[in-house]
Undergrad: 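Have a look at this one before I ask anything.
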Amino acid sequence: MTAIVVPVDGASPDPAEVMVFCRERLAGYESPKGVILSETLPETVGGKVLKYKLRVAYAGHYEAAE
């Protein structure tokens, strides 16, 4: 599982720190194995995140890891 994080204005979170934060508070199977920083998330008119577009946009992230 990969977390896609949209930082608030002026913040620049470290992906490693985000993973440590999650591991301290979540179970092992719930915590992300990777973190990607993004400017925005694709949404529908109703405000729901379009996860299939995220999968297509970041498919290369998984290929580079292999």
Side-chain angles (χ1 to χ4, degrees):
M1 174 174 49
T2 301
I4 301 187
V5 178
V6 179
V8 295
D9 293 334
S12 57
D14 180 33
E17 290 179 7
V18 173
M19 289 175 47
V20 169
F21 179 85
C22 291
R23 285 188 186 132
E24 290 174 353
R25 290 161 176 79
L26 300 170
Y29 66 92
E30 294 175 321
S31 61
K33 307 304 182 239
V35 175
I36 298 173
L37 300 176
S38 177
E39 294 294 320
T40 61
L41 296 175
E43 295 181 347
T44 64
V45 176
K48 292 185 178 183
V49 176
L50 296 170
K51 292 183 261 184
Y52 73 92
K53 287 192 177 184
L54 290 173
R55 289 184 194 106
V56 170
Y58 295 108
H61 176 72
Y62 299 107
E63 293 170 1
E66 293 177 354

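Note that this is a predicted model, so its numbers are computed, not measured.
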Undergrad: Looking at every heavy atom in both V18 and P13, which two are closest together, and how far apart are they?
TA: CG2-CB, 4.2 Å
Undergrad: So do Y58 and I36 actually touch side chain to side chain, heavy atoms under 4.5 Å?
TA: yes
Undergrad: Got a sec, which hydrophobics cluster with L50, joining ILVMFWY side chains under 4.5 Å apart, including via others?
TA: Y52
Undergrad: Between S38 and I4, what is the shortest heavy-atom contact and its length?
TA: CB-CG2, 3.8 Å
Undergrad: Taking all atoms of both residues into account, what is the closest heavy-atom pair of G34 and M19, and its distance?
TA: CA-SD, 4.0 Å
Undergrad: How far apart are the closest heavy atoms of R23 and P32, and which atoms are they?
TA: NH2-O, 4.4 Å
Undergrad: Look up atom CZ in R55 and atom OG1 in T2, then write down how far apart they are to the nearest 0.5 Å.
TA: 11.0 Å
Undergrad: Which heavy-atom pair separates S31 from G28 by the least distance, and what is that distance?
TA: OG-O, 3.1 Å
Undergrad: Taking atom NZ of K48 as the centre, does the number of heavy atoms from other residues, nucleotides or ligands within less than 6.0 Å exceed 12?
TA: no
